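Encoded as structure tokens, the structure appears first; notes follow it.
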Protein chains: 2
Amino acid sequence: MNLLLVEDEPNVVSVVVRGLAAEGFNVSVAPDGNTGEKMALTNHFDLIILDIMLPGINGLELCKIIKKEKPNVPIIMLTALGSTENVVAGLDNGADDYLIKPFKFAELFARIRMLLRRYNGSVNPDQVINISDLQINLTAKNVKRGDQEITLTATEYRLLEFLAKNKSKILSRIDILENVWDIDFNLGTNVVDVYVNYLRKKIDKNSDQKLIHTAVGLGYVMKEA
Amino acid sequence: MNLLLVEDEPNVVSVVVRGLAAEGFNVSVAPDGNTGEKMALTNHFDLIILDIMLPGINGLELCKIIKKEKPNVPIIMLTALGSTENVVAGLDNGADDYLIKPFKFAELFARIRMLLRRYNGSVNPDQVINISDLQINLTAKNVKRGDQEITLTATEYRLLEFLAKNKSKILSRIDILENVWDIDFNLGTNVVDVYVNYLRKKIDKNSDQKLIHTAVGLGYVMKEA
DNA sequence: TTTGCCCTTGATGAATTTATTACTAGTTGA
DNA sequence: TCAACTAGTAATAAATTCATCAAGGGCAAA
């Protein structure tokens, strides 16, 4: 489960991130509204926690923007004690819930569970693989590098998915042929090389950080380093 | 709108009843858990507000009982400051929301609106999907592109709705066949292609911005870009 | 029953994707 | 360093996959 926390106060961030990590969530943090917007729109999150008072775009605006683009991502707003008007505005902007600071962690966690339960009932969350700034949405079958959408052909996609699912494992050409092409004999071919080449052109060409690596004599690996 | 308030503290009752009446709600009050149970189960309410500390059955128990019998009635719990454990328990018992006393009336009202909106179209308008200048009214089942009304046949509409609900997801022909045509075998057909073609003629033909895209070898997607 | 619309099927050529080949570039180890 | 091997690339031929059309069947309303 990937969560996004948009919050500038370091102690809130620290408490929430540690608490949620302990519960098995993967938490990304944006320190201001603009970063939050970029992250929320370019990456996949299962739930977003927004502070209202933020540098850059404020939480209410951000809530509206996100809900417009991604109506199926639940949002929890955080607000300072006493600013009830904000709460009302937040809920009217599409927020699903809110908490008043200071809040207890158990309370936040209970609300997160409630929202995930509610949303998952109807639409199940997308399955997503992230490797560095490469994002593969297995459910939607689309691929992004940074915020650049990448169009792949069917075979290219199958190859990428196989490499990504086996991140950091060296895969021999035979492994790849068996899993992506469904052939376990006929080794007089270099399709794999050719398709790895195609993938590199689409995925690694415009980036300094190469993700597809050659293990000479062994095969190929997909990894960050 | 009929609301039920189960609460024994007279001043809370007074504030809430007067406030909600002013907003046009019809509020019934039960002063203890047993009365609350009887009223909740025998009458129709659109929403129930439950104090946790109550004479008779306590609010948590009552919540569980009501949710078992009438899972579609939203419930807001009221709890005293500092008893976070109760909150967690309440949400796990099926409560939809909670408020910590003392609370501001505006906050209660915002949460009531949120819940009513979520549970039932009664407070909110029709459910509408907008993709670029295409507008699909799921309630009225009509479709507009720009301000041009578009007439679709039943199957065309079902297909469009499915594509739109899965905006940006690549949907395989099989996905589409299963969800729009209810068949999961018989794959020797090209109905999907033909109907996508029909839809394109009605929706994309007269617009520069195409919304239905083909992902060769994978299926079709509906998206802006 | 007939009419008219809606749905489905099959066929066609066009477009795109895939596989192969042949060649060049790069790497390894004696 | 040089051969021998391994990997990368471009061009092209083969194979899929798609868009579109036209025709026939089914069903409901007149």
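Values in this document were obtained by computation on a predicted structure and should not be read as measured data. As a basis for the values below, the full set of heavy atoms in this structure was taken, side chains included, without hydrogen atoms, waters or symmetry mates. Quick note on labels: first sequence line is chain A, next is B, and so on, each numbered from 1.
Distances shorter than 4.0 Å separate some side-chain N or O of A:Lys201 from OP1 or OP2 on D:dA10. Under 4.0 angstrom from either OP1 or OP2 of C:dC6 there lies no side-chain N or O belonging to B:Thr153. Between A:Thr189 and C:dT20, a side-chain N or O to OP1/OP2 separation shorter than 4.0 Å is present. A close approach under 4.0 Å does occur between a side-chain nitrogen or oxygen of B:Thr214 and OP1 or OP2 of D:dA19. Taking side-chain N and O atoms only, B:Trp181 has a distance below 4.0 Å to OP1 or OP2 of C:dT8. Distances shorter than 4.0 Å separate some side-chain N or O of B:Asn197 from OP1 or OP2 on D:dT20. Note on B:Arg173: a side-chain N or O is less than 4.0 Å away from OP1 or OP2 of D:dC18.
Between the side chain of B:Glu156 and the main chain of B:Thr153, a donor-acceptor pair closer than 3.5 Å is present.
Taking CZ from A:Phe45 and CG from A:Leu5, the interatomic distance works out to 10.5 Å, rounded to the nearest 0.5 Å. A:Arg173 contributes atom CZ, which lies 11.0 Å from atom OG1 of A:Thr189 (distance to the nearest 0.5 angstrom). Between the CD atom in A:Glu161 and the CE atom in A:Met222 there is a gap of 11.5 Å [rounded to 0.5 Å]. With rounding to the nearest 0.5 Å, the separation of CD1 in B:Ile48 from CG in B:Leu62 is 7.5 Å.
In this structure, A:Arg200 places its CZ atom 10 Å from P of D:dA7, rounding to the nearest Å. Rounded to whole angstrom, the span from the CG atom of B:Leu218 across to the P atom of C:dT16 amounts to 15 Å. B:Asp204 has its CG atom 16 Å from the C1' atom of D:dT20, to the nearest Å. B:Lys210 places its NZ atom 13 Å from the P atom of D:dA19, with the value rounded to the nearest Å. As rounded to whole Å, 9 Å separates atom C1' of C:dA19 from atom CG of A:Asn190. B:Ile174 places its CD1 atom 12 Å from the P atom of D:dT17, with the value rounded to the nearest Å. Spacing between atom NE2 of A:His213 and atom P of D:dG8 amounts to 12 Å, rounded to whole angstrom units. When the C1' atom of D:dA19 is taken as reference, atom CD1 of B:Ile203 falls 17 Å away, rounded to whole Å.
With distances taken from any side-chain atom of B:Val191 to the nucleotides C:dT18, C:dT8, C:dA19, the minimum falls on C:dT8. Taking only side-chain atoms of A:Val216, from C-beta outward, the nucleotide of C:dT16, C:dT20, D:dT6 with the closest atom is D:dT6.
Within the 4.5 Å cutoff, no side-chain heavy atoms of A:Ser28 are placed close to those of A:Asn2. Side-chain contact check for A:Leu78 versus A:Ile52: every heavy-atom pair is 4.5 Å or farther apart. At a threshold of 4.5 Å between non-hydrogen side-chain atoms, the residues B:Asn197 and B:Asp193 do not count as touching. For the pair B:Val73 and B:Asp46, the minimum side-chain heavy-atom distance is 4.5 Å or more.
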**OP:** Any chance you could lay out the side-chain contact (heavy atoms from CB on, under 4.5 Å) test for B:Asp97 and B:Met77, step after step, and finish with the verdict?
**Re:** CA-CA 6 Å; B:Asp97 209 337; B:Met77 307 288 292; over 6 Å; no
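Heavy-atom nearest nucleotides on DNA chain C were determined for A:Glu156 and for B:Leu152, and the one closer to the 5' end corresponds to B:Leu152. Position along DNA chain C of the nearest nucleotide to B:Arg158 versus A:Arg158 favours B:Arg158 as the more 5'-ward residue.
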Taking only nitrogen or oxygen atoms into account, show me every contact under 3.5 Å that the protein makes with nucleotides 14-16 of chain D, one pair per line with its distance.
none

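The base of C:dT8 sits within donor-acceptor range of the side chain of B:Tyr198, with an N or O pair under 3.5 Å.
Among the protein residues, A:Tyr220 comes within range of the sugar-phosphate backbone only, with heavy atoms under 4.0 Å from sugar or phosphate atoms but none that close to a base. Among the atoms of the strands shown, base atoms are found under 4.0 Å from some heavy atom of B:Val194.
The aromatic rings of A:Tyr195 and A:Tyr198 sit perpendicular to each other, their planes meeting at more than 60°, with 30° as the lower class boundary.
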Subject >> Secondary-structure notation, DNA chain D, from Watson-Crick and G-U pairs under 3.5 angstrom (| other strand) >> reply: ||||||||||||||||||||||||||||||
